[in-house]
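When a ligand or atom number is given, it counts from 1 through the structure's own listing order. One-based numbering along the sequence shown.
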Amino acid sequence: MASEQTFIMIKPDGVQRGLIGEVISRFEKKGFYLKGLKLQNVEKSFAEQHYADLSSKPFFAGLVEYIVSGPVVAMVWEGKSVVSTGRKIIGATNPLASEPGTIRGDFAVDIGRNVIHGSDSVESARKEIALWFPEGIAEWRSSQHNWIYEA
Ligand code: IDP
Ligand code: MG
């Protein structure tokens with residue numbers, strides 16, 4: 001299998017609203033593998049680093065304040081095309097434009113309270129995983145692998 005990994009984060013609103021299990025369940029049932037998982041509060045400087053590409057945006061300060069407002073759940077998920085498929089599972093950035101059936105489409109209203117983050121490319125996933133999981137991630141494969149993937 002050409003394995004691909006993505007970084008998924010349940011933002012503070014998702015944690016506070018009890019959506020951790022719901023989010024994990026959607027990725028798990030799809031057939032992706034959870035390879036890293038931790039709940040933590042992050043420092044302002046760390047949130048700024050994670051969103052460095054958006055530092056010139058007018059909403060940047062509010063975004064950083066949002067991310068440090070409570071614990072987040074940081075995860076690494078692995079599987080075929082998990083980066084782009086993960087973005088589809090999450091839905092459009094603005095929850096009012098997200099399709100029903102997506103996480104943001106089902107559970108969010110405002111863009112600044114959109115519950116979840118997912119890497120937007122294989123390259124950003126690589127950077128984000130290195131930033132959030134410098135200690136490394138778990139190595140395992142489901143015993144059901146061949147019931148999900150043809151090869
Ligand atoms: P993404 O999370 O769908 O990849 P990005 O454009 O990377 O969207 O923006 C990162 C996060 O910044 C969004 O998920 C959202 O929480 C916040 N954000 C993006 N655009 C706006 C905006 O116009 N107003 C307020 N917050 C925004
Ligand atoms: Mg993004």
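- Residue Arg104 has at least one heavy-atom neighbour below 4.0 Å for each of these atoms of ligand 1: 1 (P), 2 (O), 3 (O), 14 (O).
- Ligand 1 has a nitrogen or oxygen under 3.5 angstrom from a nitrogen or oxygen of Ile111.
- Looking at Leu63, Asp110, Asn94, Ile90 and measuring to atom 12 (O) of ligand 1, the nearest heavy atom belongs to Leu63.
- If you look at Leu54 next to ligand 1, the close heavy atoms, those under 4.0 Å, all belong to the side chain.
- For ligand 1, the polar-atom distance check finds an N/O of Thr93 within less than 3.5 Å of one of the ligand's N/O atoms.
- At a 4.0 Å cut-off, not a single heavy atom of Lys57 sits close enough to ligand 1 to count as contact.
- Remark: ligand 1 atoms within the under-4.0 Å shell around heavy atoms of Arg87 are 1 (P), 3 (O), 4 (O).
- Residue contacts with ligand 1: Tyr66 is placed with no nitrogen or oxygen under 3.5 Å of a nitrogen or oxygen of the ligand (distance criterion only).
- For ligand 1 and Tyr51, the ligand atoms under 4.0 Å from any heavy atom of the residue are 10 (C).
- Near Asn114, with a cut-off below 4.0 Å to any heavy atom, the atoms of ligand 1 are 13 (C), 14 (O), 15 (C), 16 (O).
- Looking at atom 18 (N) of ligand 1, its nearest protein heavy atom turns out to be Phe59 CE1, 3.4 Å.
- Using bins of under 30°, 30° to 60° and over 60° for the plane-to-plane angle, the ring pair Phe27/Phe32 lands in the tilted bin.
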